[in-house]
Amino acid sequence: MLIRLTGLVTVEHEGAAPQHLSGAQAQVAFARLVLERFAGTGRDALADTVWPDGLPDTWASALRSVVSRVRAFVAAPGQGPGATPLVSQGGRYVLRLPADAAVDVEVAASAVGEAGEAFGAGAYPVAQQLAAGAIANLRGSFLPDHDGEWACGVRDHVDELRICALETASLSASALGEEHHALRWAEEAVRRAPFRESAYRCRMAALAAAGNRAEALRCYQQLRQVLAEELGIDPGPESQDMYLSLLRSPAPAADAPLPAPGPAAVAVAGAAPAAGPAAGLAAGPAVPAVDPVLMGIFEPLPPGRWSRSGPPVRAA
């Protein structure tokens, strides 16, 4: 079973066409039940997630209706009457997925963590492959039609994972001399996070690796202008150091790629959005830690349950 929570909310069973779940209420309830399936979700918490602006007068019966939709959606083909993977236990809903179930955001989180470790060890081809697989899994936004606190918190974390994957893929490609891919991923990171210094540093590294020092210097000036106009601040020390390093490098005719980024600094607490996952190009991209406040989402999966180079694959 493959579950996608980014883009279209779907469930794919082996040998069957993907099933799409429509309706914002059913989608957000399904997403929370999936991500919290190991501990279960309290009835009140689920109701607050479905109706973040206030519970309706008949919320208890309305919630039962939403849960019934989710229960029907996750029922496996050919499942006997009365059998269901979604049960109620002690005031909590527990979703029991098959052992071979894979969830796109969990797969991406695991891949980003492994990519950061591979990058830190200098295994740039592996890091690039893992990061590219995470990018492929996070191909859409997380519940874009739902603005509740829980959904927004998970969406922010998913966006952070995507940017971290883009930066890791870009820096790995730069280290491998694959300037085209490095620049493509860096530009997407800048587009998605226009105030994020680490994304600009990835773009500067890709341009410098391609021998285009002048454009790399212009990229820094763009960063400086954006931060000054929108946030009223200057670039941080890491960005300034990289800029000065470019200024001191040989003339354009003798330009050489920047040294490959060094070991990754793996975060042990939530990554600061302003600084991004990269503490600096020399330090490499850090892995954003899972926020425990988000109810234990992105639980680690056993090895062998995901594809390292693309979307999750089902176990044989």
Side-chain angles (χ1 to χ4, degrees), residues 6 108 112 115-116 119 124 127-128 131-142 144 155-247 257-258 260-261 264-265 267 271-288:
T6 57
V112 169
F119 185 90
Y124 301 125
Q128 181 181 357
I135 295 168
N137 275 307
L138 302 178
R139 60 189 182 184
S141 181
F142 178 85
R155 188 182 307 125
D156 289 345
H157 195 77
V158 169
D159 291 344
E160 176 74 13
L161 282 172
R162 183 185 292 110
I163 298 299
C164 190
L166 287 166
E167 292 179 345
T168 303
S170 177
L171 291 175
S172 299
S174 290
L176 293 169
E178 300 177 4
E179 295 87 359
H180 173 74
H181 294 304
L183 188 57
R184 175 170 59 87
W185 279 316
E187 288 181 340
E188 183 177 352
V190 170
R191 178 178 60 82
R192 290 181 176 274
F195 307 135
R196 189 185 185 100
E197 292 190 43
S198 54
Y200 282 87
R201 292 197 296 272
C202 287
R203 187 169 185 269
M204 292 167 67
L207 291 166
N212 195 343
R213 185 182 66 162
E215 190 61 31
L217 293 171
R218 277 193 289 271
C219 180
Y220 174 83
Q221 295 300 338
Q222 293 170 359
L223 168 64
R224 185 171 177 271
Q225 181 178 357
V226 166
L227 294 181
E229 292 180 353
E230 301 296 335
L231 304 179
I233 60 175
D234 292 324
E238 298 89 352
S239 302
Q240 294 181 26
D241 289 345
M242 187 174 182
Y243 175 67
L244 293 175
S245 177
L246 286 168
L247 284 176
L258 289 182
L281 198 65
V287 180

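All residue numbers refer to positions in the sequence shown, counting from 1.
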So, for [X] and [Y], which heavy atoms are closest and what is the spacing to 0.1 Å?
X	Y	value
Val226	Pro194	CG1-O, 3.7 Å
Leu171	Ala205	CD2-CB, 4.3 Å
Thr6	Gly140	CB-O, 3.2 Å
Ala127	Phe119	CB-N, 3.7 Å
Cys202	Ala186	C-CB, 3.8 Å
Arg201	Ser239	NH1-OG, 3.0 Å

- [ ] Take Val112 and Thr168, measure what side-chain contact (heavy atoms from CB on, under 4.5 Å) needs, and give me the verdict at the end.
- [x] CA-CA 8 Å; Val112 169; Thr168 303; 5.6 Å; no

TODO: Go through the steps to decide whether Arg192 and Asp159 satisfy the test side-chain contact (heavy atoms from CB on, under 4.5 Å), and finish with yes or no.
DONE: CA-CA 9 Å; Arg192 290 181 176 274; Asp159 291 344; 5.7 Å; no

Distance, nearest 0.5 Å, that separates [atom1] of [X] from [atom2] of [Y]:
X	Y	atom1	atom2	value
Leu207	Asn212	CG	CG	5.5 Å
Gln128	Leu176	CD	CG	5.5 Å
Tyr243	Leu223	OH	CG	11.5 Å
Arg213	Cys219	CZ	SG	15.0 Å

- [ ] For Arg184, enumerate each residue passing the salt bridge (charged side-chain N to carboxylate O under 4.0 Å, His left out) test, keeping only those at least two apart in sequence or located in another chain.
- [x]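 Here no residue qualifies.
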
- [ ] Name all residues meeting the salt bridge (charged side-chain N to carboxylate O under 4.0 Å, His left out) criterion together with Glu178; count only those two or more places apart in sequence or in a different chain, and write none if there are none.
- [x]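 With neighbours one apart ignored, the set is empty.
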
- [ ] In sequence, state the C-alpha distance, the side-chain angles, and the governing distance for Met242 and Tyr220, and then conclude on side-chain contact (heavy atoms from CB on, under 4.5 Å).
- [x] CA-CA 9 Å; Met242 187 174 182; Tyr220 174 83; over 6 Å; no

Can you tell me if [X] uses its side chain to pair, donor with acceptor, with the backbone of [Y] under 3.5 Å?
X	Y	value
Tyr200	Phe195	no
Glu167	Ala199	yes
Arg155	Ser141	no
Ser170	Leu166	no

- [ ] Go through the steps to decide whether Glu187 and Leu183 satisfy the test side-chain contact (heavy atoms from CB on, under 4.5 Å), and finish with yes or no.
- [x] CA-CA 6 Å; Glu187 288 181 340; Leu183 188 57; 3.7 Å; yes

- [ ] Just grab all the salt bridge (charged side-chain N to carboxylate O under 4.0 Å, His left out) pairs involving residues 218-237, residues at least two apart or on different chains.
- [x]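 Non-adjacent pairs meeting salt bridge (charged side-chain N to carboxylate O under 4.0 Å, His left out): Glu215-Arg218.
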
